[in-house]
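All values below were derived from every heavy atom in this structure, side-chain atoms included, with hydrogens, water molecules and symmetry-related copies excluded. Here is the naming used below: chain letters follow the sequence lines, and residue numbers restart at 1 for every chain. Treat the numbers as computed from the prediction; the structure is a model and nothing was measured.
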2 protein chains.
Amino acid sequence: MSTYAGQGMAAAATARLVEPPSVREEADPLSHPAAHEIALAAVLHALSDPMRLRIVAALAVEDKRTCKSFNLPVTKSTCTHHFRVLREAGVIRQRLEGTTRLNSLRREDLEARFPGLLDSVLRAAGVARGGSGEAGVP
Amino acid sequence: MSTYAGQGMAAAATARLVEPPSVREEADPLSHPAAHEIALAAVLHALSDPMRLRIVAALAVEDKRTCKSFNLPVTKSTCTHHFRVLREAGVIRQRLEGTTRLNSLRREDLEARFPGLLDSVLRAAGVARGGSGEAGVP
DNA sequence: GGCGGAGTACGATGTTTATCGAACGATAGC
DNA sequence: GCTATCGTTCGATAAACATCGTACTCCGCC
């Protein structure tokens, strides 16, 4: 498979600011690609895994959720792996709130970058109106 | 990565019919998933590879092409691998014509199965009107 | 200050994937 | 029948990927 951001890639800077959380999203140490840096192949790769597709479908229904709230059928370290793939592909945005990460879809960035792509994937996954594919709603 | 149709999977039946080629597409021994069997994750996986995305983008511009006609920068065995992934995901249809395979997009099947998905991916790849992403046209 | 929870980093394992070369089969043309 | 072409299969390699357990950090709460 083509090399994508994944395990072994340089981790996000771990320096901690003294500011309280949610001062500004940019204050969080998690790195996110700029909208123009989002690569189509990385987005499609991120969405091609059933676990990650499930995460994205759930976020489409209810945004701003913590990692734990998805109740994924894998261990915490695997969850961390999947959320990182989604974040580094530019599909989700994560920001720190205390000990949790609030995850949300980068809907506007993705729509600007690849118009209609996210919506068509979500429809295909059975989210939103007219969905007839696999059940993706948690 | 999740298990998909790929290397090692049961090959298409190798029985040969005595009928001349292109009598009917169904006479070709290549197996294609029925439209309702096309899985979203497999389609996204197939399209997440830059080489396969290039193939699909080229077919969007000019359908019914032979494997060789794409002039892909990989060996013939790797080409065979990629075309098989696309066919088994249900993205392309292949039919035999002499020593060649004619490849074409399963546009209608994909549109019926996942409305808008292929078009949005092609736009994102820079094919068709309004495309502004990476150059995908050969 | 201690405890619990959320999530991470690290290292490991097993599987999947993309790549290739060599040998081969099928077809077309002569 | 021979040759050339297209494409395949097989086996191999290296890299990528999903998975996990362990130990850890950080934060919130008491």
Between [X] ([atom1]) and [N] ([atom2]), how many Å, whole number?
X: A:Lys76; N: D:dT22; atom1: NZ; atom2: P; answer: 13 Å
X: B:Arg101; N: C:dG25; atom1: CZ; atom2: P; answer: 16 Å
X: A:His45; N: D:dC17; atom1: NE2; atom2: C1'; answer: 7 Å
X: B:Leu30; N: C:dG25; atom1: CG; atom2: P; answer: 18 Å
X: A:Leu47; N: D:dA18; atom1: CG; atom2: P; answer: 12 Å

Does some side-chain heavy atom of [Y] sit less than 4.5 Å from a side-chain heavy atom of [X]?
X: A:Lys68; Y: A:Cys79; answer: no
X: B:Thr100; Y: B:Cys67; answer: no
X: A:Gln94; Y: A:Arg84; answer: no

Of the nucleotides [options], which has the atom closest to the [X] side chain?
X: B:Thr100; options: D:dC6, C:dG7, C:dA18; result: D:dC6
X: A:His81; options: D:dC6, D:dA18, C:dT8; result: D:dA18
X: A:Val85; options: C:dA18, D:dA18, D:dT8; result: D:dA18
X: B:Thr75; options: C:dG21, D:dT19, D:dG21; result: C:dG21
X: B:Arg84; options: D:dC20, D:dT9, C:dG7; result: D:dT9

Could you pull out the protein-nucleic contacts involving nucleotides 1-4 of chain C (nitrogen or oxygen on both sides, under 3.5 Å)?
none

| request: For A:His82, check side chain to side chain donor-acceptor pair (under 3.5 Å) against everything at least two apart and list the hits. | output: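 Expected list: A:Arg52.
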| Helical bend (five base pairs per end, nearest 10°) for the helix from C:dG1-D:dC30 to C:dC30-D:dG1 |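 Here the helix ends are tilted 30° relative to one another.
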| Base of C:dG21 paired with side chain of B:Ser77 (donor-acceptor, under 3.5 Å) | yes
| said: Students often get this wrong, so: under 4.0 angstrom with heavy atoms, is A:Lys68 touching a base, only sugar-phosphate, or nothing? | reply: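 Sugar-phosphate, backbone atoms only, no base.
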| field | Non-hydrogen atoms of B:Ser120 and A:Pro115 that approach each other most closely | value |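 Looks like CB-O, 4.0 Å.
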| request: Run the salt-bridge test on B:Asp63 and B:Arg107 with the 4.0 Å N-O cut-off and return the result as yes or no. | output: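 No, B:Asp63 and B:Arg107 are not salt-bridged.
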| said: Whether A:Arg54 engages the ring of A:Phe70 as a cation-pi pair (distance to the six-membered ring centre under 6.0 angstrom, angle to the ring normal within 45°) should be assessed. | reply: no
| Just checking, any donor-acceptor pair under 3.5 angstrom between side chains of A:Ser48 and B:Ser48? | no
| request: Count the heavy atoms belonging to other residues, nucleotides or ligands that lie under 6.0 Å from CD of A:Glu37, then report whether that count exceeds 12. | output: yes
